[in-house]
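Inspection log for the structure reproduced underneath, given as structure tokens.
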Amino acid sequence: MKTVYVGMSGGVDSSVTAALLMQQGYNVVGVYMKNWTKDLPGMPCPWKDDFQDAKRVAVQLGIDFKVYDFQAQYLQKVVDYMIDEYKAGRTPNPDIMCNQEVKFKLFLETALDDGADLIATGHYSRATNGELHVARNQDKDQSYFLYRATEKALKKSLMPIGVFKTKEEVRSLAKKLGLVTAEKKDSQGICFVGKVGIREFLEQYVTSEPGSIINQHGREIGQHDGAIFYTIGQRHGLSVGGGLPYYVIGKNMDKNEVHVTTDLDDKKLWSKQLKLTSLHWINQAPKMDKSYMVRTRYRAPLVEATLKLNKSILTVDIAEEIRAVTPGQSAVFYDGSRVVGGGVVV
RNA sequence: UGGGGCGUGGCCAAGCGGUAAGGCACCAGUUUUUGGUACUGGCAUUCGGGGGUUCGAAUCCCUCCGCCCCAG
């Protein structure tokens, strides 16, 4: 009998994951990854509740339960990365980094050393034969966040939630099994900070100064309180009114300027070509003479693209214009249902 | 100082005698395991101040205040 260590976050999905694997005959061990426990002003960290829920489900299922304390590594690999990226004027995706460094590396290695044959997570995605595929539930598909997992890690990973067509099925199964997390609300926001906004989080770690907001004609139309807080395509939070909404089209970190436009067709708001770095391919590198489907943000519709590699930079020509492509964010390629890999927008 | 124009919520802006459109911003919520987007809802008992005419005024009259433009 194979032993699977299931990452249990205290949510429905990972609860059902553990239950399903038991039914499938695995020896299941539940693991709560303690990644972040820090309270922030006005928003206590929900880790204790989540931990309790994970533990309760483990007890309900009658499986062993462990806690892995990854706080130090999480801080270094995910939080520091995130803060550094923001400081550099980019917009990072901490959850992708969390999957790459913590769930499918640290957790995997720790579990294997601990006696596991495999690990499992509650992701809406499918890991089969070292390949990563989209979830059957197209709406919830989380493969975007997983493109930096390695083939080696995927060979050791199970994602049983990926076969469900709807979230309702997962919930009703949880209900049928009487799991205490059956009705728990989906989590959102940065995985570790909970509902706190990114801005409130950043304010704890960086100092910022007021700067100019410049419109498409080069006119200063207002002041912001730190260019670091803004990202491409953003509309709210500028506090400048009068006529049409303003969208961020760029930043100048040296001058601490935020550039905006009221023109929805502004060239700087749309891209037909991307430059990617930090490339990561899962099975083998994509072919340069073939077209793939790509998305530059979670849940965005897939668009056709062709790739061209020179040195370590991948140039991607897209079939249609994509709005607000943002440096620091990831572009992920698909070949049918299979995730090919991707890279980070320069 | 003369001549003209304007002053409506934080911003832009309709209304020009019948009891305050709309947009932006903001706030709340929905969607969402990043950021962002989008969607829904909320948001002026009051129209620069004061007085008057009228059944009734932001809309007419008087006056004061503040802007803007053109003159000389």
Side-chain angles (χ1 to χ4, degrees), chain A residues 7-14 17 33 35-36 46 50 78-79 81-83 85-103 121-125 135 137-148 159 161-162 167 170 184-202 213 215 221-224 227-251 258 260-262 264 269-271 295-301 322-332 342 344-345:
Chain A
M8 296 179 71
S9 65
V12 221
D13 300 327
S14 55
T17 297
M33 284 175 247
N35 296 327
W36 185 261
D50 292 335
V78 181
V79 181
Y81 146 79
M82 184 175 95
I83 293 168
E85 284 289 290
Y86 270 109
K87 280 183 179 164
R90 292 186 287 269
T91 306
N93 188 323
D95 289 355
I96 287 175
M97 192 53 83
C98 174
N99 286 323
Q100 172 185 319
E101 294 293 333
V102 180
K103 291 178 184 155
T121 61
H123 286 109
Y124 281 79
S125 189
N137 183 343
Q138 303 273 334
D139 273 346
K140 300 284 296 184
D141 174 52
Q142 292 170 330
S143 60
Y144 175 80
F145 292 104
L146 301 171
Y147 85 96
R148 298 191 79 83
M159 300 175 192
I161 294 295
K167 178 93 188 191
V170 177
K184 192 169 170 183
K185 197 181 181 317
D186 291 6
S187 64
Q188 29 180 268
I190 320 170
C191 63
F192 61 94
V193 210
K195 291 173 219 120
V196 180
I198 185 69
R199 188 208 175 85
E200 287 67 41
F201 181 82
L202 275 179
I213 299 175
N215 72 5
I221 57 160
Q223 291 278 117
H224 66 253
I228 191 171
F229 299 122
Y230 299 88
T231 190
I232 311 302
Q234 178 172 348
R235 165 178 178 171
H236 297 286
L238 292 160
S239 291
V240 282
L244 295 168
Y246 289 96
Y247 293 91
V248 175
I249 49 174
K251 305 200 278 185
V258 171
V260 299
T261 185
T262 52
L264 282 170
L269 205 50
W270 299 90
S271 312
R295 65 162 51 105
T296 56
R297 52 170 57 76
Y298 176 52
R299 283 165 56 89
I322 298 181
R323 185 180 179 282
V325 169
T326 308
Q329 291 283 295
S330 285
V332 178
V344 176
V345 176

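Please read these numbers as outputs of a predicted model, since none were measured by experiment. Letters A, B, ... mirror the listed sequences (proteins, then strands); counts begin at 1.
C43(B) and G7(B) have their P atoms separated by 26 Å, given to the nearest Å. Taking atom P in both G18(B) and G51(B), one finds a spacing of 24 Å when rounded to whole Å. Comparing C55(B) with A44(B), their P atoms are spaced 31 Å from each other, to the whole Å. The separation of C26(B) from U59(B), taken at their C1' atoms, amounts to 30 Å, rounded to a whole angstrom. Comparing the same atom, C1', in C24(B) and in G5(B) gives a spacing of 26 Å after rounding to whole Å. Comparing G72(B) with G15(B), their P atoms sit 34 Å apart, to the nearest whole Å. C16(B) sits 24 Å from G10(B) when the P atoms are compared, rounded to a whole Å. When the C1' atom is used for both A13(B) and A21(B), the distance is 10 Å, rounded to whole Å.
Put simply, the side chain of T262(A) does not reach to within 4.5 Å of the side chain of N215(A), judged on heavy atoms. Side-chain contact between Y86(A) and T91(A) is present, with heavy atoms from C-beta onward closer than 4.5 Å. Residues M82(A) and F201(A) meet the side-chain proximity criterion, which asks for heavy atoms closer than 4.5 Å. At least one side-chain heavy atom of M159(A) sits under 4.5 Å from a side-chain heavy atom of L146(A).
Y246(A) places its OH atom 12 Å from the C1' atom of G23(B), with the value rounded to the nearest Å. The CG-C1' distance, from L264(A) to G23(B), rounds to 13 Å in whole Å. Nucleotide U31(B) holds its C1' atom 17 Å from the CG atom of D141(A), rounded to whole Å. For F229(A) and G35(B), the CZ to P distance is 15 Å, given to the nearest whole Å. Residue I83(A) contributes atom CD1, which lies 15 Å from atom P of G35(B) at whole-angstrom precision. When the P atom of U34(B) is taken as reference, atom CH2 of W36(A) falls 17 Å away, rounded to whole Å. The interatomic distance linking H236(A) (NE2) with U37(B) (P) rounds to 5 Å, in whole Å. The separation between I221(A) atom CD1 and C11(B) atom C1' is 11 Å, rounded to whole Å.
Both distances falling under 3.5 Å, in either a Watson-Crick or a G-U wobble arrangement, place A71(B) opposite U1(B). Base pairing analysis places C47(B) opposite nothing; no Watson-Crick or G-U wobble pair with both distances below 3.5 Å involves it. Using the Watson-Crick or G-U wobble rule with both distances under 3.5 Å, C39(B) pairs with G29(B). When both pairing distances are held under 3.5 Å, A13(B) makes no Watson-Crick or G-U pair with any nucleotide shown. As the counterpart of G66(B), C6(B) is assigned, both hydrogen-bonding distances of the Watson-Crick or G-U wobble pattern falling under 3.5 Å.
With distances taken from any side-chain atom of K185(A) to the nucleotides U31(B), G35(B), C26(B), the minimum falls on U31(B). Which of A25(B), G35(B), A38(B) sits closest to the side chain of P245(A) comes down to A25(B). Of the listed nucleotides (U34(B), A38(B), G36(B)), G36(B) has the atom at the smallest distance from the side chain of T231(A).
Here R323(A) does not reach the OP1 or OP2 of U37(B): none of its side-chain N or O atoms lies under 4.0 Å away. An OP1 or OP2 oxygen of U34(B) is reached within less than 4.0 angstrom by no side-chain nitrogen or oxygen of R299(A).
For a distance-only test at 3.5 Å, the side chain of T326(A) qualifies as a donor-acceptor partner of the base of G35(B). Judged by distance alone, with hydrogens and angles left aside, R297(A) brings a side-chain donor or acceptor within reach of the base of G35(B), the pair sitting under 3.5 Å. With hydrogens and angles ignored, a donor-acceptor pair closer than 3.5 Å exists between the side chain of Q329(A) and the base of U34(B).
With the nearest nucleotide of RNA chain B identified for both Q142(A) and L244(A), L244(A) has the one nearer the 5' end. When each of S239(A) and Y247(A) is assigned the nucleotide of RNA chain B with its nearest heavy atom, S239(A) is the one assigned upstream, toward the 5' end.
A salt bridge does not link D13(A) to K140(A): none of the charged side-chain nitrogens sits closer than 4.0 Å to a carboxylate oxygen.
Across all their heavy atoms, V345(A) and T326(A) have their closest contact at CB-O, 3.5 Å. Summarising the geometry of Y144(A) relative to T296(A), their closest heavy-atom pair is OH-O, 3.2 Å, with the distance given to 0.1 Å.
Contacts of G233(A) with the nucleic acid, taken as non-hydrogen atoms under 4.0 Å apart, involve only primed sugar atoms and P, OP1 or OP2. Across all strands shown, Y230(A) has no heavy atoms under 4.0 Å from either base or sugar-phosphate atoms. Within the 4.0 angstrom heavy-atom criterion, only backbone atoms of the sugar-phosphate kind lie near G237(A); the bases stay farther away.
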